[in-house]
Amino acid sequence: MSIGTEAATGHRFALVDVNNFYVSCERVFDPRLADRPVVVLSNNDGCVVARSSEAKELGIKTGTPWFQLAPQAERMNLVARSSNYELYGDMSARVMEVIGRFGAWQEVYSIDESFLGLPAADEAALAGTARAVRAAVRRLVGVPVCVGVAPSKTLAKFANHIAKRNDHLAGVCSLGSMPPAELERLAARLPATELWGVGARTGDKLAGQGIQTIADLAAADPARIRKKFSVNLQRTVLELRGTACIPPIDERADAHQIMFSRSFSTPVDTAAAMADVMTVYAQSAASRLSARGLQAEVVTAFAGTSRFAAGEASNPSVSVPLPAPTDDPIAIVRTAVAALEARLVPGARYARAGVVLSGLTRAGAARQGELDLFAAQHDDGGPADGRGAGPAANLGSLLGEVKTRFGKGAIGLGSGGVQAPAEWSMKRQYSSPKYTTEWKDLPVVSA
Amino acid sequence: MADSTDGAETSGVVRPRPATGFASPAGDYYDGGIDLNRHLIPDRTSTFVMRVSGHSMAGAGAADGDELIVERARTPRDGNVVVAVLDGELMVRRLRLEEAGPVLQTEPLPPNPPVRTRIDGELDVWGVATRSLHRL
């Protein structure tokens, strides 16, 4: 059974992600960082969380403590930047909006990657769209992205991976354009753990069953994989063969998301009232989140008019990645309220609304990828969980505690409630300015 | 509804009203006033605000300390005021596309003469400055 051969001729999935996202954001506003090794440091300037390709070539690993690198930085021509969450969050919103313009639907997967639905089209047109997405993000926002296009999400991730590792592809790989023999060769060479959703532990277990490579996994019996492993890994097998079966974030089963949604007894038709609704629903979702000891990466806010009511139909749904995984109700409420506000249609009478928290991870547990160290870091004598060093996190847990003890309505956010959270008291010695979110920090141009 | 172009008449989002005991009789007619974002930011993904440092573009209306609206979506044309990357620095200059190649020139207040820099390699234009917010 080979890769992608069972693909129906239907719509395609694109996976678009920003190369070295944090570093790329820094480079947009500081051209001196171009072509130099650059690293971005975790909270409190603890260790490396993002690297430019030049820094990777120097052999600098993610997670390396900065104090080990600092003495050699000058010799290596290495530049360090503190994490500038405000900048990355704003740039992420821009990138996601541009990407979304090219698809039939969009699923923001994390701060720097998004799935995009592409309607059925021939190979040349698909590759053309992929190149157009890449060119648009580069031109409009200024950061480089890679695009993988395939019949399933797992294969789109795989195509993206190929695009990234092969300079001659110029950041774009549509799996259907690849010579089948070359694809077979790659799948037979790359370990299964290179796939989306196949971790090291599953990889070891697979190896015990004689399944080493991506090609091995694609050829495995899906029913057997389900029995021996999980329904998720069975889906990976089916997706490798070209059958899309991984549902979008906001439709996944309970284990992967927390949803709070309700229909209204009276329609909501003003932005102010909707903001109140979102505040309540987001808090409810956030307390479920912390009750389960989880943090979320993505907040989705949605609302809808009734199918049966007269008047303008409007069904906005907005997914916003949080700058770092969090269970902070303040951050979640603010994100939900702001996300939906811009998409409401004036005069529309909304009959339901909700908040979905997804990209869930254990609070304090390490997560795959760039953001690992925000969650797991505890050097510099900072707060042990490192995820909300300071008043905001304390306030969040206090809110939770009061609610647990005195009931849900005892305390909350909103008008007449709690004031804005204090600034994080983090050490950010090498921080760039908040170029796009603070008036006093605007980028300076010389005249 | 976010795709309003410069000055387009898409209606704004319903504004939150202040939480008072009585609804204002004018509330139903209040449409949120003038939203500068709508008029100055044609595309929120590609529009940036930058601050001018220096006096060499004052003749073009970009004085020291002014804020510029910079659009990355625009194709730079002859005569545009652009933000360009020169020697690793973001500079604001008047762009001239001449037969012999692009030229970036300063535009100071008279009597100071403009300074022209011919670009031999690749011209790296960051964005096109479309407006200057000048303090009076």
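Order of the sequence lines fixes the chain letters, A, B, ..., with proteins taken first and strands second; residue numbering starts at 1 for each chain.
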Practice task
Could you check if a side-chain atom of Met57(B) sits within less than 4.5 angstrom of a side-chain atom of Val445(A), using non-hydrogen atoms only?
Solution key: no
Exercise for the section: Can you measure from CZ (Arg51(B)) to NZ (Lys440(A)) and round to the nearest 0.5 angstrom? Expected result: 10.0 Å
Exercise for the section: For Arg118(B), look at atom CZ and say whether over 12 heavy atoms of other residues, nucleotides or ligands are found less than 6.0 Å away. Expected result: yes
Problem - Leu86(B) versus chain A, the contacting section by heavy-atom distance below 4.5 Å - result: neither
Practice task
Could you look at Val49(B) and say if it's the side chain, the backbone, both or neither that has a heavy atom under 4.5 Å from chain A?
Solution key: both
Problem - Under 4.5 Å from a heavy atom of chain B, the part of Val95(A) involved - result: neither
Fill in the blank from the handout: Okay, Val83(B) and chain A: the region with an atom under 4.5 Å from a heavy atom over there is side chain
Practice task
Look at the rings of Phe29(A) and Phe48(B) and say which category their plane angle falls in: under 30° parallel, 30 to 60° tilted, over 60° perpendicular.
Solution key: perpendicular
Handout entry: Most chain A-contacting option - heavy-atom pairs closer than 4.5 Å, from Ser46(B), Gly54(B), Pro108(B)
Key = Ser46(B)
Handout entry: Greater than 12 external heavy atoms within 6.0 Å of Glu122(B)'s CD
Key = no
Problem - Within-4.5 Å side-chain heavy-atom neighbours: Arg44(B) and Asp90(A) - result: no
Problem - Contacting region of Glu71(B) [heavy-atom separation from chain A under 4.5 Å] - result: neither
Problem - Atom pair CZ/CG of Arg72(B) and Leu140(A) - distance to nearest 0.5 Å - result: 8.0 Å
Completion exercise
When the 4.5 angstrom heavy-atom criterion is applied to Arg101(A) and chain B, the contacting part is side chain
Completion exercise
Note: vs chain B, highest number of non-hydrogen pairs under 4.5 angstrom among Asp30(A), Val141(A), Val98(A), Leu33(A) is Val141(A)
Practice task
Answer yes or no: are there more than 12 heavy-atom neighbours, outside Asp78(B) itself, under 6.0 Å from its atom CG?
Solution key: yes
Problem - Portion of Met91(A) that has a non-hydrogen atom of chain B nearer than 4.5 angstrom - result: side chain
Completion exercise
Given Ala93(A), Ala273(A), Gly142(A), Pro316(A), the one with more heavy-atom pairs under 4.5 angstrom with chain B than any other is Gly142(A)
Exercise for the section: Using only heavy-atom distances, determine whether the side chains of Thr45(B) and Glu97(A) contain a donor-acceptor pair under 3.5 Å. Expected result: no
